[in-house]
Asker: 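Here it is, the structure, as C-alpha cells.
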Amino acid sequence: MGIGIPKIQKHMYNSRIAGLGYYVPEKVVTNDDLSKLMDTSDEWIQERTGIKERRHIIKGEETTSSMGVKAAKMAISNAGLTPNDIDFIVFATLSPDYYFPGPGVMVQRDLEMNTVGAVDIRNQCSGFVYGLSLADQYIKSGMYKNVLVIGSEVHSTGLDMTTRGRDVSVIFGDGAGSVVLTREENLEKGILSSHLHSEGRHAEELSVIAPAMGTRWVTEIIEENDPDDTSYFPYMNGKFVFKNAVVRFSEVIKEGLEKNKLGVEDIDMLIPHQANLRIAQFIQKKFRLSDDQVYNNIMYYGNTTAASIPIALAEAVEKGKVKDGDLVILAAFGSGFTWGSVVIRW
Ligand code: UT7
C-alpha cells in the first residue's frame, strides 16, 4: 500500500450565504421633515447624496440589538434553520446599545440560542464586510458550520439635528441586515475571497472624537460638557472622505477581481456600501457597469453604515436580481479609514 501524498488544497470547505434578512424601522423621515429642523432642502440632499428619505427609530421602541435580532430571525428562517443551528454570532455596529457588552450577546439571549460565541466588530461602514470575512474564515477552517452575521445601526439618536450638523445628519439612517453563512462543499460556489484594508492616519476624518471612557474620567467629560461641545456628534470631512472612497472602492473591487482571475465583465451584481449615490454612480461609470449590475437603495434608507450592505443584498435577492451562479461583489469604505470587498459566486 503506497502512502498517498495529500493533495494540497487551499481549504476543505467554502462558505455560502444560505439566508438573508433585514429590518428597518417604520418611521420614514423625508428630506422635507429635516428641513423643518435645520437649514437644508430636499433639492440639496437629493442632488448631493441621492437620498430621498431614511428611517429613524421611535425612542424606546428599538435599539441596535433589537433590530439586529429581527433581521437575524428572518435570515435564520430563510436559511431553513433554527437559532440553535447557529454556531457563532458576528455583530457589526458603531452604535451598540451599551458601551459594553456589545450587542452580539444580546442576539444569543433574545433568540434563546445555545451558549455559542459572539463577537462584536467595530469597523463602521466596512463592518459587515469585515464580519463576513471573519465568518468565512471560521467556516473554511472547518471550525463552524453556520455563522450568523449581522450589521445594525441606530444613528438617529446620536446626530446633531441642527444646521450645525446638517452635512452629516441628513445622510445617516437606522436599519439592520443579516445573513447566515453556511458550509458549502462545492469550492466553486460561495465566498471566493475577501480583501480587507485600513489606513489609520485618517482615523479622525470620519469619527466621533469624544474620548473613550477608558481614557477619560467620565465626571471630567460631564463637567466640561456644554451645549457647544460637538465632540459627541459624528464629524466627517465629507469631501476628503468622498475622494478617498472613490479611489479605495475602485482598488478593492479590482483586487477582488484580480485575485479570482476575473474581469469587470464577469460582475453580475455589485453591492456597494450605500454611502452616497454619487459615489456608487462614479464607480458604476468607471467600471462601465449597467444599471442592472449595481444595486442601490440609499434613496430610501440613507447611509445605514454596517447595515447598508446586508439590507441591500437582502433586497436585491428578494427582488430576484441575484441569480444562482451570479458573480456578486460587496464593497465597502468608511471610517478608520477601513475598506474591503467580498467576491461571491452565488
Ligand atoms: O459612509 C462612510 C463613507 N461616507 C462617505 O463616503 C460620504 C462622503 N462624502 C459625501 O457624501 C459628501 O461630501 C457630502 C454629501 C457629505 C457633502 O457633499 P459635498 O458635495 O461634498 O458638499 P460640501 O460639503 O462641499 O458642501 C457644499 C455646501 C456648503 O456650503 P458653502 O460652503 O458652499 O456655502 C455646505 O455648508 O453645501 C452646504 N451644506 C448643506 N446645505 C444644505 C452642507 N450640508 C448641507 C445640507 N443642506 N444638509
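No experiment lies behind these values; they were computed from the predicted model shown. For ligands, and for the atoms within them, numbers begin at 1 and follow the listed sequence.
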Asker: What protein heavy atom sits nearest atom 11 (O) of ligand 1, and how far away is it?
Answerer: Asn276 ND2, 2.6 Å
Asker: Could you tell me whether Ile171 approaches ligand 1 through its side chain, its backbone, both or neither, with non-hydrogen atoms closer than 4.0 Å?
Answerer: side chain
Asker: What protein heavy atom sits nearest atom 17 (C) of ligand 1, and how far away is it?
Answerer: Trp44 CH2, 4.0 Å
Asker: Below a 4.0 angstrom heavy-atom separation, can you tell me which part of Val168, side chain or backbone, both or neither, approaches ligand 1?
Answerer: neither
Asker: Would you say Gln274 touches ligand 1, if touching means a heavy atom closer than 4.0 Å?
Answerer: no
Asker: Look up atom 24 (O) of ligand 1 and tell me if a protein heavy atom lies less than 4.0 Å from it?
Answerer: no
Asker: One thing to verify: whether Lys321 and Asp292 come together as a salt bridge, which I'm taking to mean a side-chain N less than 4.0 angstrom from a carboxylate O.
Answerer: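 Looking at Lys321 together with Asp292, the answer is no, because their closest N to O distance does not fall below 4.0 Å.
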Asker: Please say whether the positively charged group of Arg183, taken as NZ for Lys or CZ for Arg, lies over the ring of Tyr13, i.e. under 6.0 angstrom from the six-membered ring centre and within 45 degrees of the axis.
Answerer: yes
Asker: With only distance considered, is Lys239 within less than 3.5 Å of ligand 1 through an N or O on each side?
Answerer: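 Between Lys239 and ligand 1 (N or O atoms, distance only) the closest approach is under 3.5 Å.
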Asker: With heavy atoms only and a cut-off of under 4.0 Å, state how Ile279 meets ligand 1: side chain, backbone, both or neither.
Answerer: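 Within the 4.0 Å criterion, Ile279 contacts ligand 1 through side-chain atoms alone.
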Asker: For atom 19 (P) of ligand 1, what is the nearest protein heavy atom, given as residue, atom name and distance?
Answerer: Arg48 NH1, 3.6 Å
Asker: How far is atom 9 (N) of ligand 1 from the closest protein heavy atom, and which atom is that?
Answerer: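 Scanning the protein heavy atoms, the shortest distance from atom 9 (N) of ligand 1 goes to Gly238 O, 3.1 Å.
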Asker: Of the protein's non-hydrogen atoms, which lies at the shortest distance from atom 38 (C) of ligand 1, and what is that distance?
Answerer: Arg166 NH2, 3.7 Å
Asker: Residue-level breakdown please: for Arg278 versus ligand 1, do any non-hydrogen atoms fall below 4.0 Å on the side chain, on the backbone, on both, or on neither?
Answerer: side chain
Asker: Got a salt bridge between Arg248 and Glu251, using NZ or NE/NH1/NH2 to carboxylate O under 4.0 Å?
Answerer: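 Here Arg248 pairs with Glu251 in a salt bridge, since their nearest N and O are under 4.0 Å apart.
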Asker: Ignoring hydrogens, tell whether any protein atom lies closer than 4.0 Å to atom 34 (O) of ligand 1; use the non-hydrogen atoms only.
Answerer: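 For atom 34 (O) of ligand 1 the answer is no, since every protein heavy atom stays at 4.0 Å or beyond.
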Asker: Considering only protein heavy atoms, which is closest to atom 4 (N) of ligand 1, and at what distance to one decimal place?
Answerer: Val241 CG1, 3.7 Å
Asker: Among all protein heavy atoms in this structure, tell me which lies nearest to atom 47 (N) of ligand 1, with the distance rounded to 0.1 Å.
Answerer: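 The protein heavy atom lying closest is Thr40 OG1, 2.5 Å.
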Asker: Please find the pair of heavy atoms, one from Gly256 and one from His195, that lie closest to each other, and give the distance.
Answerer: CA-NE2, 3.3 Å
Asker: If we set the cut-off at 4.0 Å for heavy atoms, which region of His273 has an atom near ligand 1: side chain, backbone, both, or neither?
Answerer: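 Looking at His273 and ligand 1, just side chain atoms fall under 4.0 Å.
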Asker: Given ring pair (Phe, Tyr, Trp, His ring centres under 6.0 Å), test Phe240 with His202 step by step and report yes or no.
Answerer: CA-CA 10 Å; Phe240 185 75; His202 299 313; 4.8 Å; yes
Asker: Which is it for Val170 and ligand 1 at heavy atoms under 4.0 Å: side chain, backbone, both or neither?
Answerer: side chain
